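The structure presented is a predicted model; accordingly, all values stated were derived computationally and were not measured. A, B, ... follow the sequence lines: proteins, then strands. Residue 1 opens every chain.
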There are 2 protein chains.
Amino acid sequence: MTTIKDVAKQAGVSVATVSRVLNGNGYVHEDTRSKVEQSIRELNYTPNEVARSLYKRKSKLIGLLLPDIMNPYFPQLARGVEDEMQENDYRLIFGNSDEKKQKEMEYIQTFVQNNVVGVISSTNDPEADMYTGLNIPVVFLDRTSNDRPSVFADGREGGRIAAQEMMLRGSKEITVMQGPADVRPALERFEGAVEVLEERGAAYQVLKTTSFSLTDAEGFAYELFRQYPDTDGVIASNDIVASAVLKEAHRLEKRVPEDVQIIGFDDILLSSLLAPSLSTIHQPAYEMGRAAARLLIELIEGQHIERSSIEFPVEFMERQTTRKVES
Amino acid sequence: MTTIKDVAKQAGVSVATVSRVLNGNGYVHEDTRSKVEQSIRELNYTPNEVARSLYKRKSKLIGLLLPDIMNPYFPQLARGVEDEMQENDYRLIFGNSDEKKQKEMEYIQTFVQNNVVGVISSTNDPEADMYTGLNIPVVFLDRTSNDRPSVFADGREGGRIAAQEMMLRGSKEITVMQGPADVRPALERFEGAVEVLEERGAAYQVLKTTSFSLTDAEGFAYELFRQYPDTDGVIASNDIVASAVLKEAHRLEKRVPEDVQIIGFDDILLSSLLAPSLSTIHQPAYEMGRAAARLLIELIEGQHIERSSIEFPVEFMERQTTRKVES
DNA sequence: CTTATACCTGTAACCGGTTACACACGGATG
DNA sequence: CATCCGTGTGTAACCGGTTACAGGTATAAG
């Protein structure tokens, strides 16, 4: 590897001068500057970020922690974060937490050990010591925190909308699927839906689920129609689960949306491709990722922060698993 | 941040001794060891990986470069890589290349600047200088390279199988969609399919496509049935494109698989959830990711390497977009 | 009793950058 | 002519670890 010393020798100057050229600070004579730049080009030199990071005690690295990149919702967040970071010359150290505290801690620790300058995390416990004790900025993505920077969608409102649309379109026996209890956004959606149902005195049932994986989802879908064969409206905890419900409804030869309406959550790629296509609550995941990255960069670079919590609105995507509303 | 000096002072020894305890090498008296370990615990000390990396000229970081994490195929690869790396105490610096040489180069450069000890890349040009000039191990994932370590699925055979199954199930006017010409696996699938079609003297047409994104795919699907309204079998370049074709077929009120059969490629989550579910060529993406990570680790740790190229078999997943074959 | 050897520990150089500080030079100012 | 200041450059300390090397002690071997 070529080092700053090689460049200095080649250009006939000291390492300090090369460093000044590199960073564009201090005085450097124009002729010297060109000589150094030429040597840099000739030797194809790029500075070692590790050495820089050690002295300055900060790197150009960001830690990104998501529950599971295989869940189709998260790649959109990840890509939003990556694009924004890439454009601002930051790089990502990436890890999957599986919503497990242990893995989360391990990652946070190695983030710190590698001098990351900021962290973006989807955690269910923003108040955990591993976060409150960090002395670098953290942005919580897809998760709410009262007093710490976060970027999230209005899950409660999403749940409310889902329930309203369900009732508006004529479902009388609604089943609300409650996602994993320890996953915050899942809980909020659920609460939002139940709120509306209670307010209006509607009949509804709850089916608790414990995971978002497809194989598990198929089991929940089976269970749903076994326990509540007469349900005519299902508010699913996300689009994966909704897909499984749709598939099971087909298997039972129920007509969708005539016999049973289904509303999902997230609006992943899959949703628009299903037949019938899935009505769902859209979250602007890619934009949320970008926003989280922008916010983190502002925090890192110490600019004035307007709002340190950004809530994105959600939107009902009317597709084919809900009935048309007569106008 | 607490440093090794703080620990040394607290334990009343030199930094060298602390280092020895940390790394478990050299002689350390049992009593000293416990004292040091106690101080480490009390101060909640973890060594700075950046300093380590600088001296040893190697880190515990791996560079992972994928075309686009939003394409549903890649998260599976990524997760496979991540799981295997995580279990072996390596961390990932992750980037999306969008199949663009420029972005690829930028990432490779910052990988090097950060002292990564290995790289896993899905590139279309493994022979590019940026790879051949690297003096750290590189494993090419989902891409073939003759003489360099790589992990990939048998795309050509996949294409052959698709064509065979298509014909076996009675399609007479097959349309083969050719993926982006510069994406190697897409090309191989295409070539495999055409090979079989030629061998058997079957009638077929080719539709060239230039991207894998869903919006573009919908355009290609439209174009396909406009140009070849009589086609009764479509071999799509991947499952996303296949989904778009399926949707368009529905729109045109063609029956699937009676009027037109469709075979995709990849076997992403989506495929089994569509209605009718999508027949496709399965690639074991998650396992491929793990295998690439394992291979890279072996390369890094200098163990004996049995095979430096690993080809995974593909498999026809018979679902509902192909007709049953009479037995 | 001398010497070899295993065990234990500390000092200091080193990794590749950044930057505080010292110094030198030349023109402007009084 | 003395002083000051802007410009330009080099020396060396520093970041937080690792490790070569030296040196000291205790025990075993000759």
Polar pairs (N or O, both sides) under 3.5 Å between protein and nucleotides 3-7 of chain D?
residue : atom : partner : partner atom : Å
dT7(D)  : OP2  : Y27(A)  : OH           : 2.5

- Query: Taking CG from N48(A) and P from dG17(C), how many angstroms apart are they, rounded to a whole number?
  - Reply: 5 Å

- Calculate the interatomic distance between R57(B) atom CZ and dT18(D) atom C1'; express it in whole Å. 12 Å

- For the side chain of R52(B), counting heavy atoms from C-beta on, which of dG17(C), dT18(D), dC15(C) is nearest? dT18(D)

- Query: Of all the nucleotides listed (dG16(D), dT11(C), dG17(C)), which has the minimum atom distance to the side chain of T3(A)?
  - Reply: dG17(C)

- Query: R143(B): what forms a salt bridge (Lys or Arg N to Asp or Glu O under 4.0 Å) with it, not counting sequence neighbours?
  - Reply: E99(B)

- Double-helix bend of the helix from dC1(C)-dG30(D) to dG30(C)-dC1(D), axes at both ends from 5 pairs, round to 10°, gives 60°

- Reading nucleotides 19-27 of chain D 5' to 3', which nucleotides get B (base under 4.0 Å from a protein heavy atom), which S (sugar-phosphate only), which -? BB-------

- Message: Taking any heavy-atom pair under 4.0 Å as a contact, classify V28(B): base, sugar-phosphate, or nothing.
- Response: sugar-phosphate

- Message: Please classify the nucleic acid contact of S53(B) as base, sugar-phosphate, or nothing, using heavy-atom distances under 4.0 Å.
- Response: nothing

- Query: Is there a residue in residues 108-116 of chain A whose heavy atoms reach under 4.0 Å of DNA chain C, and which residues are they?
  - Reply: none

- Query: Under 4.5 Å between any side-chain heavy atoms of Y90(B) and E84(B), yes or no?
  - Reply: no

- Message: Filter on ring-ring contact (aromatic ring centres under 6.0 Å, His included), then keep only pairs touching residues 50-73 of chain A, sequence neighbours left out; what's left?
- Response: none

